[in-house]
Amino acid sequence: MIQVIYDGTYEGWLTAVFEIYEYKFEDVVFAKDEASAALLFATHHHVMTDIEKANRVLNGLKQRLSAEGFSSIYNAFLSDVDQIEQIMFQFVKYVVSSSKNVEEDFSNNAVWDLRKAMRMTRKEAHRMEAFVRFKLTKDKLYYAIIEPDCNVLPIIESHFKKRYADQRWLIYDAKRKYGIYYDLENVSTIELQFNNESNSSKFLAEICDEQEEFFQNLWRRYFSSVNIESRKNMKLHIQHMPKRYWKNLIEKIPDIKGRVNH
């Protein structure tokens with residue numbers, strides 16, 4: 001068995017695919033950044049990300065897939081599903097070895113698993129576009145902290161750039177320790193460390209604009225006023241707004257009197 005070690009980027013994985021074919025490797029398994037201790041007797045192959053090699057793989061796939069099928073590979077990669085690199089590679093092998101389009105062949109495990117991972121990413125991205133709640137800092141930067149199941153920042157970037165084109169903002173993925181920052185012209189990727197108590201009243205008082213607490217409470221009151229108690233359906237509410245998102249939603253964070261809206 002050959003353990004193919006790449007840097008964790010999509011371009012790195014594409015380079016790895018190129019080299020697997022280049023060196024005619026058989027029985028491969030992927031690892032990010034470093035070798036897995038679980039495979040003590042595997043041969044290691046370290047991949048240096050090469051954009052030219054990555055583009056050659058992309059161009060080959062583009063010729064064999066529809067636009068939807070082509071983008072689904074990247075979306076699946078962002079899902080962070082366990083062993084997603086292996087699923088993607090099996091899909092690529094099937095695509096390359098077939099003389100016809102295989103995107104709808106759901107009898108093939110790789111096709112089906114890739115489709116599920118892609119849909120998971122897109123669903124999570126759609127939720128994040130709806131659930132991001134910005135807070136305003138004293139230096140007039142709008143920031144939001146999210147913890148999505150999938151790595152959706154690369155997908156939701158264009159949505160927020162178009163919607164909030166007239167203000168500086170930062171969306172930070174606390175799970176993956178990086179964020180995207182918009183400076184009124186461009187979006188860039190940044191790495192930083194947020195305090196674990198980033199939603200606490202003490203933290204907000206230290207960094208937030210003086211009017212921020214007022215507007216947060218205003219939003220809570222609005223959220224409460226549009227909810228009709230007699231029609232409340234918590235099962236449906238949680239289905240559309242899972243509890244794992246609540247700690248980063250203003251309307252779910254208790255106000256100064258300890259009240260929270262459900």
Visitor: List the residues meeting side chain to side chain contact (heavy atoms under 4.5 Å, CB included) with Ala16, not counting sequence neighbours, and say none if there are none.
Guide: Val4, Phe30, Val47
Visitor: Can you tell me if Ser66 and Glu103 form a side-chain donor-acceptor pair at under 3.5 Å?
Guide: yes
Visitor: About how many Å separate CZ of Phe18 and CG of Leu58, when rounded to the nearest 0.5 Å?
Guide: 12.0 Å
Visitor: Please identify each residue that fulfils side chain to side chain donor-acceptor pair (under 3.5 Å) with Arg122, with sequence neighbours left out.
Guide: Glu68, Ser71
Visitor: Would you kindly say whether Asn151 and Tyr178 are connected by a side-chain donor-acceptor distance under 3.5 Å?
Guide: yes
Visitor: Between the side chain of Arg115 and the main-chain N/O of Ala76, is any donor-acceptor distance below 3.5 Å?
Guide: no
Visitor: In chain order, what residues pass the ring pair (Phe, Tyr, Trp, His ring centres under 6.0 Å) check against Phe77, with sequence neighbours excluded?
Guide: Tyr10
Visitor: Report the distance from atom OG1 of Thr49 to atom CG of Asp7, rounding to the nearest 0.5 Å.
Guide: 3.0 Å
Visitor: For the atom pair CD (Glu147) and OH (Tyr172), what is the distance rounded to the nearest 0.5 Å?
Guide: 9.5 Å
Visitor: Glu19: which residues meet the side chain to side chain donor-acceptor pair (under 3.5 Å) condition with it, sequence neighbours left out?
Guide: His45, Lys53
Visitor: For Thr15 and Asp50, test the side chains for any donor-to-acceptor distance below 3.5 angstrom and give the result as yes or no.
Guide: no
Visitor: Go through it in stages, so that I can follow the logic: the residues are Ser79 and Ile84, the test is side chain to side chain contact (heavy atoms under 4.5 Å, CB included), and I'd like the CA-CA distance, side-chain angles, deciding distance and then a yes or no.
Guide: CA-CA 8 Å; Ser79 70; Ile84 188 61; 3.9 Å; yes
Visitor: Check for a donor-acceptor pair, side chain of Gln90 on one end and backbone N or O of Glu85 on the other, with a separation under 3.5 Å.
Guide: no
Visitor: How long is the span from the CG atom in Asp139 to the CG atom in Leu141, to the nearest 0.5 Å?
Guide: 5.5 Å
Visitor: Using a strict threshold of under 4.0 Å (side-chain N to carboxylate O), is an ion pair present between Lys175 and Asp80?
Guide: no
Visitor: Hey, what do you get for CE (Met118) to CG (Leu78), rounding to the nearest 0.5 Å?
Guide: 12.5 Å
Visitor: Applying side chain to side chain contact (heavy atoms under 4.5 Å, CB included), run through Leu65 and Phe91 and close with a yes or a no.
Guide: CA-CA 11 Å; Leu65 296 168; Phe91 175 77; 4.1 Å; yes
Visitor: Provide the full list of ring-ring contact (aromatic ring centres under 6.0 Å, His included) pairs with a residue in residues 104-130, sequence neighbours left out, each pair given once.
Guide: Phe106-Trp112
Visitor: Say whether, by atom type as modelled, one donor and one acceptor occur between the side chain of Lys177 and the main chain of Ala174 under 3.5 angstrom.
Guide: yes
Visitor: In Å and rounded to the nearest 0.5 Å, what is the CZ to CG distance from Arg168 to Leu184?
Guide: 7.0 Å
Visitor: Regarding Tyr6 and Asp33, is there a side-chain donor-to-acceptor distance under 3.5 Å anywhere?
Guide: no
Visitor: Show me the donor-acceptor pairs within less than 3.5 Å that the side chains of residues 154-167 make with the rest of the protein, sequence neighbours left out.
Guide:
none

